[in-house]
2 protein chains.
Amino acid sequence: MNKEDFRNFISSKGLKITKKRDEIFDEVLNTKGHFDPEELYMRLKQKGSKVSRASIYRTIPLLVEIGLIEEVERVDKHAHYERVSADSHHDHMICMKCGKVIEFFSPTLEMLQDEICQRENFHKIRHSLEIFGLCKQCQ
Amino acid sequence: MNKEDFRNFISSKGLKITKKRDEIFDEVLNTKGHFDPEELYMRLKQKGSKVSRASIYRTIPLLVEIGLIEEVERVDKHAHYERVSADSHHDHMICMKCGKVIEFFSPTLEMLQDEICQRENFHKIRHSLEIFGLCKQCQ
DNA sequence: ATCAAATTTAAAATTAAACTCAATAAAAAT
DNA sequence: ATTTTTATTGAGTTTAATTTTAAATTTGAT
């Protein structure tokens with residue numbers, strides 16, 4: 001996934017390649033870990049970009065559609081996103097006390113899900129597993 | 001879980017047993033499947049109840065706390081709830097095309113999660129697994 | 001370069017959910 | 001049973017996130 005892919009995607013949808021979309025795409029590409037629209041907006045602001053929140057909110061669904069990011073947990077009442085790396089899907093444990101998010105991955109869990117979907121004739125595209133509880137420190 | 005349990009729970013919290021709380025509790029008890037606060041409000045309205053949305057929003061967290069309901073998927077941007085039946089926890093497959101929700105349960109999956117949490121010293125309280133994809137009909 | 005169509009911004013609108021507060025109802029005290 | 005205390009209620013206000021509007025600007029095709 002690079003800027004070329006993004007531009008091709010935008011064009012192929014009949015949309016226009018603009019400075020603002022590029023700026024947002026670049027910033028998301030450089031972002032590690034979780035973020036929410038407001039954080040993304042502030043980070044761009046600090047770098048001198050003049051994008052508005054509206055553009056952020058309008059571009060995020062495009063980034064989800066192209067598969068660069070995905071919506072992860074909604075701990076607070078707003079959406080959080082995260083870069084999708086084809087090779088590093090993981091799920092989340094969320095501490096209900098301190099809000100800490102622990103990432104984990106279990107191949108067995110993945111396979112098990114595939115089996116369950118096969119049984120139901122369901123074509124799995126993606127999944128989201130969130131385990132809520134208390135982290136080591138908060139118990 | 002019956003009205004007695006609910007009343008005891010309310011009392012034990014130092015709260016008061018009121019007509020409105022009873023009405024909301026009864027309605028939720030009689031509700032099968034998913035619902036959101038607005039649906040619950042409309043259903044009560046239709047039955048002649050004079051509850052306000054405020055009471056709905058104030059009572060739902062109590063029903064979650066007592067374990068009668070739990071928050072399930074957020075297909076739209078607002079919360080959806082569902083009755084918890086001690087003996088029938090399940091997860092969801094959600095069709096991205098037609099919106100159909102398929103419920104499933106896998107003891108193996110549950111155990112696997114417990115194991116993963118033990119490894120991480122995470123005290124699991126509840127979890128939510130949503131598999132998105134295409135149902136048999138929509139593939 | 002021209003121009004229609006898409007995109008932008010700032011501001012207003014919308015949405016779900018929480019809060020405020022005077023009136024009311026429930027529990028406790030008398 | 002009556003009074004007193006305290007919690008709950010509904011209507012409307014508020015908040016925070018997100019979406020839409022409308023006017024100005026930018027893009028891409030000609």
Side-chain angles (χ1 to χ4, degrees), chain A residues 3-4 6-28 34-45 47-66 69 71-81 99, chain B residues 3-4 6-28 34-45 47-66 69-81:
Chain A
K3 196 177 296 198
E4 259 328 276
F6 178 63
R7 292 182 162 217
N8 289 337
F9 167 74
I10 292 290
S11 293
S12 73
K13 292 208 73 178
L15 304 176
K16 290 174 176 174
I17 294 163
T18 67
K19 227 177 289 179
K20 302 307 163 67
R21 280 185 177 144
D22 269 1
E23 285 175 10
I24 295 170
F25 175 80
D26 287 344
E27 186 55 40
V28 169
H34 299 186
F35 67 92
D36 61 37
E38 184 65 16
E39 284 167 19
L40 183 54
Y41 172 69
M42 294 312 278
R43 219 173 300 129
L44 280 161
K45 266 269 147 120
K47 293 196 177 175
S49 171
K50 298 230 173 6
V51 284
S52 65
R53 284 187 181 81
S55 289
I56 303 273
Y57 279 109
R58 275 188 290 237
T59 303
I60 283 178
L62 293 174
L63 299 180
V64 171
E65 195 181 341
I66 198 182
I69 59 174
E71 187 178 325
V72 287
E73 91 283 353
R74 284 199 187 228
V75 179
D76 305 317
K77 75 192 86 182
H78 57 277
H80 287 241
Y81 299 88
Chain B
K3 195 177 297 201
E4 259 328 275
F6 178 63
R7 293 183 162 217
N8 289 338
F9 166 76
I10 292 290
S11 294
S12 74
K13 292 206 74 178
L15 304 176
K16 289 174 177 174
I17 294 163
T18 67
K19 228 177 288 180
K20 303 307 163 72
R21 281 185 177 142
D22 269 1
E23 285 174 10
I24 295 170
F25 175 80
D26 288 343
E27 186 55 41
V28 169
H34 299 185
F35 67 92
D36 62 37
E38 184 65 16
E39 284 168 18
L40 184 53
Y41 172 68
M42 294 312 278
R43 218 172 300 129
L44 280 161
K45 267 266 146 124
K47 294 198 176 173
S49 171
K50 297 228 173 6
V51 284
S52 65
R53 284 188 181 80
S55 290
I56 303 274
Y57 279 111
R58 277 187 288 233
T59 303
I60 283 178
L62 294 173
L63 299 179
V64 171
E65 194 180 343
I66 198 184
I69 59 174
E70 64 183 336
E71 188 179 325
V72 288
E73 92 284 353
R74 285 196 185 232
V75 180
D76 304 318
K77 74 194 89 180
H78 57 274
H80 287 241
Y81 299 88

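On a predicted model such as this, the values are computed, not experimentally measured, just so you know. Naming convention: chains lettered A, B, ... in sequence-line order (proteins, then strands); numbering from 1 in each chain.
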Colleague: Nearest-Å distance, CD1 (B:Ile56) to C1' (C:dC19)?
Modeller: 17 Å

Colleague: Does A:Glu65 pair with A:Lys13 as a salt bridge, N-O distance under 4.0 Å?
Modeller: yes

Colleague: Do the side chains of A:Ile10 and A:Arg7 get nearer than 4.5 Å, heavy atoms only?
Modeller: no

Colleague: Less than 4.5 Å apart, side chain to side chain, heavy atoms only: is that true for A:Tyr81 and A:Val64?
Modeller: yes

Colleague: Kindly say whether A:Phe9 contributes a backbone atom to a donor-acceptor pair with the side chain of A:Ser12 at under 3.5 angstrom?
Modeller: yes

Colleague: Charged N to carboxylate O below 4.0 Å: is that the case for A:Glu38 and A:Arg53?
Modeller: yes

Colleague: Could you state the atom-to-atom distance from CG of A:Asp22 to P of C:dT8 in whole Å?
Modeller: 10 Å

Colleague: Nearest nucleotide by nearest heavy atom, which residue falls closer to the 5' end of DNA chain C, B:Glu38 or A:Lys20?
Modeller: A:Lys20

Colleague: Rounded to whole angstrom units, what separation is found between the CD atom of A:Glu23 and the P atom of C:dT8?
Modeller: 10 Å

Colleague: Rounded to whole Å, please give me the gap between NE2 in A:His78 and P in D:dT18.
Modeller: 7 Å

Colleague: Rounded to the nearest Å, what distance is computed from the CG atom of residue B:Leu62 to the P atom of nucleotide D:dA7?
Modeller: 14 Å

Colleague: I want to check one thing: is the phosphate of D:dA7, taken as OP1 and OP2, less than 4.0 Å away from some side-chain N or O of B:Lys13?
Modeller: no

Colleague: When you check every protein heavy atom under 4.0 Å of nucleotides 19-29 of chain D, what one-letter string (B, S, -) results, 5' to 3'?
Modeller: BBB-----BS-

Colleague: Is there a donor-acceptor pair closer than 3.5 Å between any side-chain N or O of A:Ser55 and the backbone N or O of A:Val51?
Modeller: no

Colleague: Rounded to the nearest angstrom, tell me the gap between atom OH in A:Tyr41 and atom P in D:dA16.
Modeller: 16 Å

Colleague: Rounded to whole angstroms, how far apart are CD1 on B:Ile24 and P on D:dT9?
Modeller: 7 Å

Colleague: Using atom CZ of B:Arg7 as one end and atom P of C:dA27 as the other, report the distance to the nearest whole Å.
Modeller: 8 Å

